[in-house]
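In what follows, a single structure is set out as structure tokens and then discussed.
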Amino acid sequence: QLQLVESGGGLVQPGGSLRLSCAASGFTLENYSIGWFRQAPGKEREGVSCFTFSFGSTKYAESVKGRFTISRDNTKNTVYLQMNSLKPEDTAVYYCAAVRGVLFRLCTLSSYEYDYWGQGTQVTVSS
């Protein structure tokens with residue numbers, strides 16, 4: 001059974017850092033493009049970052065560029081989202097999602113492109 005499990009969320013002060021993890025089971029992440037998304041109360045889900053399966057290219061939303069970094073550890077079958085310089089507007093439930101990789105197709109920040117989703121982890125940035 002294909003499963004994604006996020007962890008690493010929590011409460012952090014503005015300017016602080018968190019590292020989210022997305023652990024996969026039942027499939028090999030290396031063959032999938034992975035996206036991180038977030039949804040704040042009353043707002044639509046938005047794409048934050050993604051990692052293309054084959055050659056590892058990445059993409060970031062303008063709101064997180066320079067602050068967030070996506071990475072993948074194939075030995076652990078896990079994708080990470082390192083979040084630095086956090087702001088109150090980063091507060092949301094964060095989800096990871098996966099879609100089977102297609103050669104030469106770059107990852108996307110559109111949630112409609114992803115087939116498998118984790119349950120989410122809450123990130124709260126507040127003083």
Side-chain angles (χ1 to χ4, degrees):
Q1 183 179 358
L2 194 150
Q3 192 174 16
L4 296 168
V5 178
E6 302 96 334
S7 61
L11 173 64
V12 64
Q13 291 187 341
S17 298
L18 282 174
R19 189 178 78 158
L20 304 183
S21 299
C22 173
S25 59
F27 69 106
T28 302
L29 267 182
E30 192 174 4
N31 298 324
Y32 287 73
S33 289
I34 302 297
W36 280 101
F37 297 82
R38 65 186 181 186
Q39 188 165 20
K43 294 188 176 181
E44 291 188 356
R45 188 170 296 187
E46 65 167 333
V48 174
S49 181
C50 67
F51 192 107
T52 299
F53 83 108
S54 57
F55 42 86
S57 68
T58 58
K59 191 176 295 184
Y60 297 93
E62 285 298 323
S63 58
V64 307
K65 269 184 185 176
R67 299 189 298 123
F68 290 12
T69 304
I70 190 171
S71 62
R72 184 180 67 194
D73 186 337
N74 291 335
T75 64
K76 297 183 178 180
N77 216 29
T78 300
V79 171
Y80 302 99
L81 185 68
Q82 178 67 43
M83 306 187 296
N84 299 329
S85 303
L86 283 162
K87 305 175 182 180
E89 50 264 43
D90 294 318
T91 295
V93 177
Y94 283 72
Y95 301 87
C96 66
V99 61
R100 182 84 180 181
V102 176
L103 208 57
F104 306 121
R105 180 181 293 176
L106 297 178
C107 68
T108 171
L109 297 182
S110 170
S111 61
Y112 298 103
E113 299 291 330
Y114 292 83
D115 299 319
Y116 307 101
W117 291 81
Q119 83 289 347
T121 186
Q122 176 71 46
V123 171
T124 303
V125 185
S126 174
S127 54

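As the structure is a prediction and not an experimental result, all values here were calculated from the model.
Side-chain heavy atoms closer than 4.5 Å link hydrophobic residues (I, L, V, M, F, W, Y) into clusters, and following such links, even through other members, never connects Val93 to Tyr116. Hydrophobic cluster membership is shared by Phe51 and Leu4, with clusters built from Ile, Leu, Val, Met, Phe, Trp and Tyr side chains linked at under 4.5 angstrom. Cluster annotation: Trp117 and Val123 are assigned to distinct hydrophobic clusters (Ile/Leu/Val/Met/Phe/Trp/Tyr, side-chain heavy-atom contacts under 4.5 Å, transitive). Cluster membership check: Phe53 does not share its hydrophobic cluster with Trp36, using side-chain heavy-atom separations under 4.5 Å among Ile, Leu, Val, Met, Phe, Trp and Tyr.
Every side-chain hydrogen bond (donor to acceptor under 3.5 Å, both in side chains) that Gln122 has, sequence neighbours left out, goes to Thr124. The side-chain hydrogen bond (donor to acceptor under 3.5 Å, both in side chains) check on Asn74 picks up Arg72, with sequence neighbours excluded. Listed by chain and number, the residues in a ring-ring contact (aromatic ring centres under 6.0 Å, His included) with Tyr114 are Phe37 (sequence neighbours excluded).
Side chain of Thr78 to main chain of Lys76: a donor-acceptor pair is present (N/O by atom type, distance under 3.5 Å, no hydrogens or angles). A donor-acceptor contact shorter than 3.5 Å links the side chain of Glu6 to the backbone of Gln119. No donor-acceptor pair under 3.5 Å is formed between the side chain of Thr121 and the backbone N or O of Ser7. Using modelled atom types, one side-chain atom of Ser49 and one backbone atom of Lys59 make a donor-acceptor pair closer than 3.5 Å.
Note on residues 27-91: pairs passing disulfide bond (SG atoms under 2.5 Å apart), not counting sequence neighbours, are Cys50-Cys107.
Within a 6.0 Å sphere centred on CD of Glu44, heavy atoms belonging to other residues, nucleotides or ligands number 12 at most.
In this structure, the separation between CG on Leu86 and CZ on Phe68 is 5.0 Å, given to the nearest 0.5 Å.
Partner of Thr52 under the side chain to side chain contact (heavy atoms under 4.5 Å, CB included) criterion, out of Leu106, Ile34, Thr58: Leu106 alone.
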Donor-acceptor list for residues 17-30 side chains, cut-off 3.5 Å, not counting sequence neighbours:
{"from": "Ser17", "atom 1": "OG", "to": "Asn84", "atom 2": "OD1", "distance (Å)": "2.9"}

With a cut-off of 3.5 Å and sequence neighbours excluded, list every side-chain donor-acceptor pair involving residues 94-105.
{"from": "Tyr94", "atom 1": "OH", "to": "Arg38", "atom 2": "NH1", "distance (Å)": "2.9"}
{"from": "Tyr94", "atom 1": "OH", "to": "Asp90", "atom 2": "O", "distance (Å)": "2.6"}

Practice task
List the steps and the verdict of side-chain contact (heavy atoms from CB on, under 4.5 Å) for Tyr60 and Leu109.
Solution key: CA-CA 8 Å; Tyr60 297 93; Leu109 297 182; over 6 Å; no
